[in-house]
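For ligands, and for the atoms within them, numbers begin at 1 and follow the listed sequence.
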Amino acid sequence: MKVKSIKEVDNEMQAQVDIWDYAFAFIPMALVKCAIELQIADVLEIHGGGMTLPELSSALGCSPSILHRIMRYLNHRGIFKQTQTGQESSICYSQTPLLRILMKNGENSMSALVLLESSPVMLAPWHKLSSRALANGASAFEAAHGEDIWEYASANPAHSKLINDAMACRARVDMSEIINHYPEAFMGIGSLVDVGGGDGTTLRTLVKACPWIRGINFDLPHVVCVAPHCDGIEHVGGDMFEIVPKADVAFLQSVLHDWGDGECIDILRKCRDAIPKDTGKVIIAEAVIREGEDDKYNDIRLGLDMIMLAHTEKGKERTIEEWEYVVNAAGFTRYTVKHIDATISVIEAYP
Ligand SMILES: C[S@@+](CC[C@H](N)C(=O)[O-])C[C@H]1O[C@@H](n2cnc3c(N)ncnc32)[C@H](O)[C@@H]1O
Ligand SMILES: COc1ccc(-c2cc(=O)c3c(O)c(O)c(O)cc3o2)cc1
């Protein structure tokens with residue numbers, strides 16, 4: 001019989017511990033969703049300082065004993081700060097930067113993204129992923145819901161709002177990152193069409209920072225008809241597979257990753273038709289998968305690729321070689337890539 005080395009025994013013991021991370025992986029998501037729905041972060045923010053368990057449970061209208069257990073778990077995950085000075089009644093809970101992002105109504109809140117990904121509609125396709133892999137093709141979202149995500153959203157206003165709110169909160173972060181790290185991308189631009197621009201949050205962030213730009217927010221009719229008005233931005237409803245409104249620059253953020261190469265090439269061609277041949281450009285703000293590189297955003301990019309696998313038919317996150325293929329096939333003569341300190345990179349393609 002082969003005798004195991006101490007290292008082998010240690011690795012096996014570690015595996016016995018690690019497996020619980022996978023079996024219990026849904027718990028942090030469920031608890032963060034619960035914290036958002038209870039508006040724990042909002043109540044702590046309004047209160048200002050630390051709150052005791054009786055104060056917090058009475059403000060939230062929650063059972064103190066259940067809230068105590070929820071808060072103990074969230075504290076263990078580092079989601080908020082807890083200080084204790086003896087008995088249970090003297091436990092004090094206070095705000096952290098992470099909890100502030102989980103406010104339902106905060107300016108930099110990302111809670112809508114958690115509410116979208118943890119919704120039963122978005123969770124159902126994950127149960128179809130192995131059948132998708134075995135059948136090699138059919139979309140997991142379609143297997144779960146009988147139609148693709150965009151058809152589903154146009155027939156379900158509540159889910160469309162969930163998607164738009166989630167995309168809006170991360171669009172604001174993504175656009176701010178581009179403006180902070182690569183403002184040159186927007187120099188000398190008179191007009192910009194945001195293709196698949198959602199509720200216009202990206203353009204609102206852009207025209208606030210670059211008020212000389214006239215923005216055209218272009219998306220499906222059911223999306224733009226509920227988009228809030230903003231000076232300097234015109235909302236246009238339509239289909240990017242048919243025609244894209246004309247502008248100096250066409251901008252695509254987190255849109256192409258929803259589609260397969262064939263569709264990306266069609267969308268990029270429509271964008272190329274929309275811009276001036278001599279001075280125009282298409283800006284693509286998307287993740288670039290960098291295999292083998294230990295970048296702090298790699299985990300998010302690879303996770304996003306799994307989201308595309310679960311929620312779209314042919315969507316995927318792309319390596320730079322895969323981006324080069326679609327950009328060249330759409331007829332652009334050259335492109336540049338700017339990696340910024342964010343999940344997304346900025347690819348500029350010239351006609
Ligand atoms: C993942 S969201 C990205 C939204 C936004 N660009 C952002 O960064 O948050 C993709 C957007 O593409 C839009 N879309 C899907 N099909 C479209 C089509 N055929 N024409 C125009 N927009 C479309 C969706 O309605 C959605 O708003
Ligand atoms: C920094 O953490 C994050 C960055 C980005 C995202 C994210 C980006 C998307 O484009 C995206 C998306 O298109 C989508 O359909 C979705 O369901 C989630 C999503 O997340 C998340 C976290």
Can you run down the side chain to side chain donor-acceptor pair (under 3.5 Å) pairs that involve residues 223-237, sequence neighbours left out, and say none if there aren't any? Asn217-His235, His229-Asp231

Angle between ring planes, His76 versus Tyr73, binned at 30° and 60°: parallel, tilted or perpendicular? tilted

Proximity flag Phe251 to ligand 1, non-hydrogen atoms under 4.0 Å: no

With atoms numbered from 1 as shown, which atoms in ligand 1 lie under 4.0 angstrom from a non-hydrogen atom of Asp239? 18 (C), 19 (N), 20 (N)

Counting both backbone and side chain atoms, is some N or O of Gly197 under 3.5 Å from an N or O of ligand 1? no

Just distances here: any N/O of His257 and N/O of ligand 1 closer than 3.5 Å? no

Any atoms of ligand 1 less than 4.0 Å from a non-hydrogen atom of Ala171? List them with their elements. 7 (C), 8 (O), 9 (O)

Met110/Val173 under side chain to side chain contact (heavy atoms under 4.5 Å, CB included): CA gap, chis, key distance, verdict: CA-CA 9 Å; Met110 293 286 272; Val173 174; 4.0 Å; yes

Hey, does Arg170 sit under 4.0 Å from ligand 1 if you only count heavy atoms? yes

Given Thr202, Val223, Asp258, Ile149, which has its nearest heavy atom closest to atom 10 (C) of ligand 1? Asp258

Hey, is CG on Asp299 packed in by over 12 heavy atoms from elsewhere, all under 6.0 Å? no

Does Gly238 come within less than 4.0 angstrom of ligand 1, counting non-hydrogen atoms of the residue? yes

Phe241 to ligand 1: N or O pair under 3.5 Å? no

Identify, with sequence neighbours excluded, every residue that meets side chain to side chain donor-acceptor pair (under 3.5 Å) alongside Asp165. Lys161

